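First up is the structure itself, then whatever we jot down about it.
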Amino acid sequence: CALWGAGLGGTLITLLVAFQEKLIYVPVAPGLAKEYPFEPSRLSLPFEDVWLESSDGVRVHSWFIESGGRTRPTVLWLQENAGNMAYRLLFIKPMVSILRCNVLMLMYRGYGISEGKP
């Protein structure tokens, strides 16, 4: 009985290690599209597309959402796991309209339309 339990435990640990990236990094949440369903302009947020290149040449996509000028403070928004930054715009709108700060929303590698893998 103990030997069977140890074997089962070892198998579970092996599976967790083998599939850890798929369990931790979820660039596309179930039922949601990888592409952006809408842009900040849909919420009346002026923005510009910004592409940043990492040291290994991978390009990551971001939106710079401006609130009354580039001299205002800028918040760097790194979203949580699963989905893309379009689904987080409702969190950004109060920052821009109430706090009056700019926001740079950055997508991770392999998320949204950013290149590479997570």
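Note that this is a predicted model, so its numbers are computed, not measured.
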Nearest heavy-atom approach of R109 to D56 is NH2-OD1, 2.7 Å
Original post:
Counting distance only, does the side-chain N/O of E115 pair as donor-acceptor with the main-chain N or O of R59 below 3.5 Å?
Top reply: yes
Nearest heavy-atom approach of V60 to S114 is CA-OG, 3.4 Å
| query | With hydrophobic residues grouped by side-chain heavy-atom distances under 4.5 Å, do V58 and W63 end up in a single group? | reply | no
| request: Before giving the answer on side chain to side chain contact (heavy atoms under 4.5 Å, CB included), spell out for M107 and I113 the whole-Å C-alpha distance, their side-chain angles and the decisive distance to 0.1 Å. | output: CA-CA 8 Å; M107 287 302 304; I113 59 173; over 6 Å; no
Any donor-acceptor N/O pair, S67 side chain to V96 backbone, under 3.5 Å: yes
Only residue of V103, L106, T74 satisfying side-chain contact (heavy atoms from CB on, under 4.5 Å) with F64 is T74
Residues H61 and M85: closest non-hydrogen pair is ND1-CE, 3.3 Å
* Please step through side chain to side chain contact (heavy atoms under 4.5 Å, CB included) for the pair F47 and S41, ending with a clear verdict. => CA-CA 7 Å; F47 78 102; S41 56; 4.0 Å; yes
(message) Quick one, S62 and W77 - any side-chain contact, counting heavy atoms below 4.5 Å?
(response) no
Should F38 and I92 be counted in the same cluster of Ile, Leu, Val, Met, Phe, Trp and Tyr side chains packed under 4.5 Å apart? yes
Here the salt bridge (charged side-chain N to carboxylate O under 4.0 Å, His left out) pairs for residues 37-51, sequence neighbours left out, are E48-R70
Residue set satisfying side chain to side chain contact (heavy atoms under 4.5 Å, CB included) with L99, at least two apart, ordered chain then number -> M95, C101
side-chain contact (heavy atoms from CB on, under 4.5 Å) test vs M105 passes for just one of I65, V75, L78, namely I65
- request: Could you tell me whether the side chain of R100 and the main chain of R72 form a donor-acceptor pair under 3.5 Å?
  value: no
